[in-house]
Novice: 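After the structure tokens below, expect a handful of questions from me.
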Amino acid sequence: MIRLGLCCKFLRYPVAFRDATATAVLKLGRSEALQKLSGLCLHNANALHEALQFCADNGIGDFRVNSRILPLKTHPSAGYAIGDLSAADEIIERFREAGAFARNRDLRLTFHPDPFVVLNSPDPDVVVRSVAELEYQAEVAAWIGADVINLHAGGVYGDSRAALVRLRRTWRSLPSLIRRRLTLENDDRSYTPRALLPFCEGEGIPFVYDVHHHRCLPDGLSVDDVTARAMRTWDREPLFHVSSPRSGRCGGDPRPHADYIAPGDVPACWCGLNVTVEVEAKAKDLAVLRLRRWLLRQARVPR
DNA sequence: AGCGGTCAAGTTGAT
DNA sequence: ATCAACTTGACCGCT
């Protein structure tokens with residue numbers, strides 16, 4: 001049975017992560033701002049534990065942690081070090097407890113940084129800020145035992161060969177705290193599996209196969225072939241993504257995600273594999289639970 | 001309590 | 001030129 005993953009948040013189940021805007025935080029004095037941020041981080045550490053409890057109780061084996069779990073952590077003016085927060089010790093302890101819970105209940109944890117994290121940008125400042133963001137997420141990943149920080153390859157800038165050369169150089173320079181967790185995913189604009197798989201195979205980077213992106217931006221490779229090649233890039237359980245198009249496959253933009261997964265959108269060749277499949281669907285927990293019920297029914301009824 | 005405007009960041013392609 | 005999309009709408013100040 002596939003290990004299903006829930007992404008970041010809940011529609012029905014009453015657990016919510018909190019956030020803050022830089023505008024509001026910067027209106028406060030520094031110590032008041034840190035007080036507010038400390039409270040938000042502690043809330044989010046506890047919310048993560050509750051989220052994992054829900055997953056464990058409902059047969060959801062993977063949870064993607066939202067990039068703003070420590071709000072504004074790397075913001076140029078509102079950012080902070082964890083040690084700046086008055087509840088720092090308690091916050092770290094709560095995250096470690098959530099991580100211990102995940103290990104005990106065989107829950108996998110992942111990160112998926114925002115689209116602003118671009119390792120192959122020709123602008124060195126963008127790369128520096130991106131690495132800083134990855135350092136923050138890797139720090140939290142270490143507390144909770146997350147084994148994946150998944151990224152897109154970035155832009156093309158009119159020359160994909162040069163863009164991949166820059167990506168290779170940056171990738172090789174990353175600290176191991178980041179590098180041992182970093183994975184690359186095909187996107188729906190620039191980097192198809194055909195473009196990215198050779199890079200991942202060459203550099204030993206796990207390839208996250210998003211079959212929806214592949215259907216939006218096809219490259220002549222079959223789902224079966226990409227699945228098999230993607231599996232071989234992993235030294236641990238492979239990670240895939242699935243979603244269904246909101247407006248169907250014919251007419252309209254196929255990229256926006258539907259509320260639920262149409263069962264036919266899960267590749268048949270994935271069933272029976274030991275893989276994690278993160279469900280990217282607007283209905284969140286409801287969508288994962290519905291897909292899980294469908295997969296269980298399929299497993300009982302031989303096809 | 002509910003509403004609408006706002007929010008740090010990069011890149012792409014449709015309009 | 002503007003905008004939505006992307007892994008995720010939530011926050012905030014107003015009524």
Side-chain angles (χ1 to χ4, degrees), chain A residues 5-11 15-28 36-37 39-40 43-44 47-48 51 62-80 109-134 136-137 146 148-160 163 166-167 183-192 208-210 212-213 216-217 239-243 245-247 251-259 276-285 287-288:
Chain A
L6 170 61
C7 297
C8 307
K9 62 177 302 216
F10 297 84
L11 189 64
V15 167
F17 296 92
R18 300 196 53 203
D19 199 1
T21 59
T23 314
V25 164
L26 290 170
K27 280 181 190 161
L28 306 172
K36 176 187 171 85
L37 291 163
L40 293 182
H43 170 92
N44 286 350
L48 177 62
D62 169 282
F63 186 72
R64 180 189 301 174
V65 181
N66 124 46
S67 295
R68 304 184 61 122
I69 187 94
L70 304 185
L72 299 170
K73 176 71 170 64
T74 63
H75 188 279
S77 41
Y80 52 92
L109 290 163
T110 73
F111 285 81
H112 196 351
D114 288 332
F116 318 109
V117 175
V118 181
L119 292 183
N120 72 346
S121 174
D123 180 343
D125 292 338
V126 170
V127 178
V128 167
R129 285 194 294 272
S130 296
V131 173
E133 177 72 15
L134 291 175
Y136 136 59
Q137 297 195 21
V148 167
I149 299 175
N150 178 44
L151 278 184
H152 293 291
V156 171
Y157 314 93
D159 183 347
S160 73
R166 283 195 305 275
L167 183 61
T183 64
L184 289 175
E185 175 191 346
N186 61 300
D187 63 74
D188 56 18
R189 294 283 189 188
S190 306
Y191 291 94
T192 62
V208 173
Y209 180 30
D210 187 315
H212 176 63
H213 288 159
C216 292
L217 184 65
L239 174 62
F240 299 156
H241 290 175
V242 73
S243 38
R246 183 197 298 159
S247 49
D253 189 343
R255 289 172 297 146
H257 295 165
D259 290 342
T276 301
V277 175
E278 289 182 338
V279 173
E280 296 180 338
K282 295 293 183 190
K284 297 294 164 188
D285 44 331
V288 181

Novice: Counting primed atoms plus P, OP1 and OP2 as sugar-phosphate and everything else as base, spell out the protein contacts along nucleotides 2-11 of chain B at 4.0 Å heavy-atom distance: B, S or - for each nucleotide, 5' to 3'.
Specialist: -----SBBBS
Novice: Can you tell which of dC12(C), dC11(C), dT8(C) lies closest to the side chain of Lys282(A)?
Specialist: dT8(C)
Novice: So what's dA8(B) paired with, Watson-Crick or G-U wobble, going by both distances under 3.5 Å?
Specialist: none
Novice: CG of Leu11(A) versus P of dG9(C): gap in Å, rounded?
Specialist: 8 Å
Novice: Under a 3.5 Å cut-off for both distances, is dC14(C) Watson-Crick or wobble paired, and to whom?
Specialist: dG2(B)
Novice: So what does His152(A) hit on the nucleic acid, given a heavy-atom distance under 4.0 Å: a base, only sugar-phosphate, or nothing?
Specialist: sugar-phosphate
Novice: For dC3(C) versus dC7(B), give the span between their P atoms, rounded off to a whole number of Å.
Specialist: 15 Å
Novice: Between dA8(B) and dC12(C), how far apart are the two P atoms, rounded to whole Å?
Specialist: 11 Å
Novice: Does the side chain of Lys27(A) get closer than 4.0 angstrom to OP1 or OP2 of dC12(C) through an N or O atom?
Specialist: no
Novice: Which donor-acceptor pairs under 3.5 Å do side chains of residues 116-128 of chain A form with protein atoms, sequence neighbours excluded?
Specialist:
residue: Asn120(A); atom: OD1; partner: Gly155(A); partner atom: N; Å: 3.2
residue: Asn120(A); atom: ND2; partner: Ala153(A); partner atom: O; Å: 3.3
residue: Asn120(A); atom: ND2; partner: Gly155(A); partner atom: O; Å: 2.8
residue: Asn120(A); atom: ND2; partner: Tyr191(A); partner atom: OH; Å: 3.4
residue: Ser121(A); atom: OG; partner: Asp123(A); partner atom: N; Å: 3.0
residue: Asp123(A); atom: OD1; partner: Asp125(A); partner atom: N; Å: 2.8

Novice: Atom CD of Glu280(A) to atom C1' of dC6(C): distance rounded to whole Å?
Specialist: 10 Å
Novice: Take atom P in dA4(C) and the same atom in dG5(B), then report the distance between them in whole Å.
Specialist: 14 Å
Novice: With rounding to the nearest 0.5 Å, note down the distance linking CG in Leu151(A) to CG in Leu184(A).
Specialist: 6.5 Å
